[in-house]
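Below: the structure, in structure tokens.
None of these values were measured; they are calculated from a predicted model.
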Amino acid sequence: MGEYLLQTDTGKLAELRVDEANRLQFETLKSATPAHIQQLIDNSALNMLPIARGGASPPAIERVSYSLSDLDGDGKVEIIVADNSGKQTRTLRWLVLQAHNGQFREIARYQQRLPEAVSLERNTLETQHGMALGVYRSSSLMGLFGSTPTTRTVLVGFPSGKDALNPAHWQFAYLRDTSPLWSGDYDGDGVEELITGHHLGAARYLVQFRDGVWRGVKLGEGEISAVLPVRLKGTPWLVLLSYEGQVKVIRIRPAAASPSSGE
């Protein structure tokens, strides 16, 4: 299943759903888009707002990042907007909205103070109880030497119940030199894992949002081009692949905080 929020050619918003039978349902939100939502759309680098649950969006620099999630479990989908006003800044503004009968209603807003000034990157991974937002830090040396922007990851964990509707109650964490790469419950224990890294080489992390707290371990340095969940002799593992052909397999031991691994 998937849900997508799109902007049509006429400037109106539409919602596209894919059900369990892979049938498409398309509904146009006919009411006029509120001015502050339209401003976010106008400021975005793309004229389309794709939202996919459980996967990463295509890599492209964005001024705003969008996500759909049923935060409080009441069956209604909330729209999460991360906005940094299209510039490198230490302030990240979060908005939580609900769409009902074509009308948008703001539920809450929050300004998150980051450790350093960054820009948004169109790279977001979602889990059942959180998300990972890709950001990057650039410098004047990039233009002179053509260096790659330094990637960062903002981890966001949602509490249970109505508290999840207010970003002031969210649990944030900040990872340097890494980018969201993969998410999923590879071992079927009901808690999803997140893998961060980068195909150009960066720090690699495995993290979970468990018991209301972000927990994780650094897996080292180096590039990752793909992450695959597999079973080896009946045991679930995660396979980390690099462009150079290196293969590393890891798993979380039930009685330990650190993952085991093999090359």
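A distance of 10.0 Å separates CD1 of Ile107 from CG of Leu71, quoted to the nearest 0.5 Å. A distance of 10.0 Å separates CG of Leu194 from CG of Leu181, quoted to the nearest 0.5 Å. Considering CG of Leu241 and CD of Glu223, their distance stands at 10.5 Å, rounded to 0.5 Å. With values rounded to the nearest 0.5 angstrom, Trp94 atom CH2 is found 6.5 Å from Gln112 atom CD. In this structure, the separation between CD1 on Ile250 and CH2 on Trp237 is 9.5 Å, given to the nearest 0.5 Å. Rounding to the nearest 0.5 Å places CG of Leu114 at 11.0 Å from CZ of Arg137.
The shortest non-hydrogen separation linking Phe172 to Pro167 is CE1-O, 3.7 Å. Residues Phe158 and Ser69 approach most closely at CE1-OG, 4.3 Å, considering heavy atoms. Taking both residues in full, the closest heavy atoms of Ile195 and Leu125 are given as O-CD1, 4.4 Å, listed atom of the first, atom of the second, then distance. Nearest approach of Ile224 to Thr196, heavy atoms of both residues: CD1-O, 4.3 Å.
Side chain of Glu192 to main chain of Gln128: a donor-acceptor pair is present (N/O by atom type, distance under 3.5 Å, no hydrogens or angles). Judged by distance alone, with hydrogens and angles left aside, the side-chain atoms of Arg251 form no donor-acceptor pair with the main-chain N or O of Leu238 at under 3.5 Å. Side-chain atoms of Thr151 come within 3.5 Å of backbone atoms of Thr178 as a donor-acceptor pair (strictly under, hydrogens ignored). At distances below 3.5 Å, at least one donor-acceptor pair connects side-chain atoms of Ser183 with backbone N or O atoms of Glu126. When atom types are taken as modelled, the side chain of Asp70 and the backbone of Gly75 share a donor-acceptor pair closer than 3.5 angstrom. In this structure a side-chain-to-backbone donor-acceptor pair under 3.5 Å is missing from Glu106 to Leu97.
Looking only at side-chain heavy atoms (C-beta outward), Val247 and Val239 come within less than 4.5 Å of each other. Residues Val207 and Leu175 are in side-chain contact: their nearest non-hydrogen atoms beyond the backbone lie under 4.5 Å apart. Proximity of Arg176 to Pro115: side-chain heavy atoms (C-beta onward) are separated by under 4.5 Å at one or more points. Annotation: side chain of Trp182 is in contact with side chain of Pro229 (closest heavy-atom distance under 4.5 Å).
Here Asp72 pairs with Lys162 under the salt bridge (charged side-chain N to carboxylate O under 4.0 Å, His left out) rule; sequence neighbours left out. Scanning for salt bridge (charged side-chain N to carboxylate O under 4.0 Å, His left out) contacts around Lys218 gives Glu221, with sequence neighbours left out. The side-chain contact (heavy atoms from CB on, under 4.5 Å) search around Arg113 returns Arg90, Thr91, not counting sequence neighbours. Shown here are the side-chain contact (heavy atoms from CB on, under 4.5 Å) partners of Asp189, two or more places apart in sequence or in another chain: Asp185, Asp187, Val191, Glu193, Gln208, Arg210. Scored by the side chain to side chain donor-acceptor pair (under 3.5 Å) test, Arg105 finds Gln98 as partners (sequence neighbours excluded). Trp214 meets the side chain to side chain donor-acceptor pair (under 3.5 Å) test with no other residue; sequence neighbours excluded. Checked against side chain to side chain donor-acceptor pair (under 3.5 Å), Thr153 has no partners two or more places apart in sequence or in another chain. Taking Arg215 as the reference, nothing meets the side chain to side chain donor-acceptor pair (under 3.5 Å) condition, with sequence neighbours excluded.
The side chain to side chain donor-acceptor pair (under 3.5 Å) contacts involving residues 163-175 comprise Glu116-Tyr174, where partners must be two or more places apart or lie in separate chains.
When each of Ile80, Leu92, Leu155 is tested with Leu133 by the rule side chain to side chain contact (heavy atoms under 4.5 Å, CB included), just one qualifies, namely Leu92.
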